[in-house]
Amino acid sequence: PFGIAVGQVLFKISGDRLAAENGTILSLATNPVFIAAITLYAAATVIWIFALKQVPLTYAYSFMALTFVFVPVLAYFILGEPVTLRYVMGAGLIIAGLLIVQS
């Protein structure tokens with residue numbers, strides 16, 4: 001989930017750059033941040049497949065909910081986006097739900 005979250009932040013940075021430059025698909029395809037995001041997603045997918053060889057999907061997939069926690073936290077620290085009390089409460093509920101499901 002953390003790799004996917006980092007990839008989302010990189011996609012956001014890519015989109016912001018694309019908008020600022022009035023870029024095209026070609027400029028996006030040559031954007032190093034976008035290429036890093038795609039590469040990270042590909043690597044995370046391969047790691048996920050290997051993880052699923054060892055762990056049941058019903059157990060492993062619940063951890064994907066952590067992306068809903070990680071992405072806003074990374075956006076706060078890297079992009080300076082706000083994190084509200086509502087978000088903190090929701091993230092706490094996600095974590096609590098994960099603990100319940102995994103126990």
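Count residues from 1 along the sequence.
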List, one per line, each side-chain donor-acceptor pair under 3.5 Å for residues 31-57, sequence neighbours excluded.
{"residue": "Asn31", "atom": "OD1", "partner": "Val33", "partner atom": "N", "Å": "2.8"}
{"residue": "Asn31", "atom": "OD1", "partner": "Phe34", "partner atom": "N", "Å": "3.4"}
{"residue": "Thr39", "atom": "OG1", "partner": "Ile35", "partner atom": "O", "Å": "2.8"}
{"residue": "Tyr41", "atom": "OH", "partner": "Gln8", "partner atom": "NE2", "Å": "2.3"}
{"residue": "Thr45", "atom": "OG1", "partner": "Tyr41", "partner atom": "O", "Å": "2.8"}

All side-chain hydrogen bond (donor to acceptor under 3.5 Å, both in side chains) counterparts of Gln102, not counting sequence neighbours: Ser62
Salt bridge (charged side-chain N to carboxylate O under 4.0 Å, His left out) contacts touching residues 5-32 (sequence neighbours left out): Lys12-Asp16
Connected hydrophobic set around Met89, excluding itself, where side chains approach under 4.5 Å: Leu85
Side-chain hydrophobic cluster, 4.5 Å single linkage: members besides Val101: none
Shared hydrophobic cluster, Phe2 / Leu10 (ILVMFWY, side-chain heavy atoms < 4.5 Å): yes
Hphob cluster co-occupancy, Ile4 + Phe11, side-chain heavy atoms under 4.5 angstrom: yes
Of all pairs that satisfy side chain to side chain donor-acceptor pair (under 3.5 Å), the ones with a partner from residues 86-96, not counting sequence neighbours: none
More than 12 heavy atoms from other groups under 6.0 Å of CG on Leu99: yes
Qualifying residues under ring pair (Phe, Tyr, Trp, His ring centres under 6.0 Å), relative to Tyr59, sequence neighbours excluded: Phe63
Hey, can you pull the donor-acceptor pairs under 3.5 Å for the side chains in residues 69-76, sequence neighbours left out?
none

